[in-house]
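Structure record follows, encoded as structure tokens.
For the numbers below, each heavy atom of this structure counts, side chains included, while hydrogens, waters and symmetry mates do not. No experiment lies behind these values; they were computed from the predicted model shown. Below, chain A is the first sequence line, B the second, and so on; all start at residue 1.
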Amino acid sequence: MISYLANPERFDRLARALIPWGWSLTVLLFAAGLPWALAFSPPDYQQSETVRIMYVHVPAAWLGLAAYAGLGVASFVYFVWRHNLADLAARAIAPVGAVFTALCLVTGALWGKPTWGAWWVWDARLTSMLVLLLLYLGYMALRAALEDERLAARAGAILAMAGLINLPVIKFSVDWWNTLHQPASVFRLDGPTIHASKLWPLSVMALAFTMLLATLILVRMRTLLLTRRAEALERARERRLEAVAREAGA
Amino acid sequence: MNPLLALFAREMRLAWAGGGGAAGPAAFNLAALSLAPLAIGPAPEILTAAAPGIIAFAMLLSTLQSSERLFGEDAADGTLELYLLSGQGFTLVCLAKTLAFALAVFWPAPVIAALAGIAYGMSVEASLVLALGLALAAPGLALLAGFAGALAAGVKRAGLLIALIAAPLQVPLLVFAAGAGRAALDQTGTAGANLMLAAAVSLAALVLAPAGIAAALKARLE
């Protein structure tokens, strides 16, 4: 399946077919999820209306982490099998994942002020999310600094895999350290402890954000693929022009 | 003599002699430590409470500051190709080189930490625990900085990039080394646990980082 898709032509055809579906599904899910989450779901008995930030904050946090896991897997696939599309996927994922992580931090600060009384607390979960953002930034900076595209891909893959060590630290930080941030309430062995009236809109919003993430990655992968092809064509044209100029001179 | 031992001795001599050896990072460490009280203010209770964190942080910065030259020159002048052709396991070569560098360059750091701890108002025992924590964290800090240095070797202004890459990976070492000093200062009884965790992270880096360094350098030479 991976090697079937490793053909850029085939991938391009598939992506072109999938992207309109991805956008439609994203819009539909947001159309259902946003009013449900922001207007129709009941306010919290403790936090009243401020709890609604959760419907953006929690999906953004999950997807920031999931995107990094995806970056790590894509990097591993590229590092072992040298499939260029895996590298393309890694390149496409990084900025999108960084934006979701930043969104999680910003919405967290906005939520923290009314509930904890502080914009920012140096607790384990918050700090490790900030470290995740730094990992994304370091990955992008390294790729941007290395001019040789193949070397950038290899070095980036190695760095992304090293950063994977941080993921379990973030996931379990609230269980290992008894800190201000609340422990996991959705993905638990004994079932979610969050009330169904909030769990449902949260699930719809999480799906909507997931579709948004997937669609954005597909679009970026196609853009990178087309940019690469355009550059190759440009180089070929320059070579042709040079050859013509040489012949005219000789 | 075992080729790896010979390499270790050579790298050690080079790091000791070339470019000031341990003096550069030690001076950087001292400068950071003497500027911090000027920024924070001289109030003893604040300075003492902040001391383990500031001292561990200054040590971390000094590893970042010196890691640029760990692989940069060898990548530029072809020494790395020779190491790769030498028939020794390249991962072991990277390990020997990084450890020699760490030992030659960072040996003053625990001494500085112990002295600085006393100067910041920590008790002698707490200062020694902090110094021990940093001594245990030093191989890990150096290996992770070396990993970032190998990835960024040959890049213009590699120093900035190294700091951005290595800092997130060095976080656990910073937390546990400073945590040991803080636990000894507050006498919470968890200093030993923090020391063991710092050593554990260093050992994990000892296993994983050389493979990463070797992979990063090989990608460059292919």
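Only the side chain of B:L161 comes within less than 4.5 Å of a heavy atom of chain A; its backbone N, CA, C and O stay farther away. A:F79 touches chain B through its side chain: at least one heavy atom from C-beta onward sits under 4.5 Å away, while N, CA, C and O do not. If you measure heavy-atom distances from A:L142 to chain B, the contacts under 4.5 Å come from both the backbone and the side chain.
Closest approach of A:A145 and B:V155 over heavy atoms only: CB-CG1, 3.6 Å. Minimum heavy-atom separation, B:A219 to A:R150: O-NH2, 3.7 Å. Contact between A:I158 and B:G212 at its shortest, heavy atoms only, is CG2-O, 4.1 Å. Listed here is the closest heavy atom pair of B:L164 and A:A141: CD2-CB, 3.8 Å.
Heavy atoms from other residues, nucleotides or ligands lying under 6.0 Å from CZ of A:F76 number 12 at most. In the displayed structure, A:E147 atom CD is contacted under 6.0 Å by at most 12 heavy atoms of other residues, nucleotides or ligands. Atom CD of B:E81 is surrounded by more than 12 heavy atoms from other residues, nucleotides or ligands within 6.0 Å.
Between B:L169 and A:L135 there is a side-chain heavy-atom pair separated by less than 4.5 Å.
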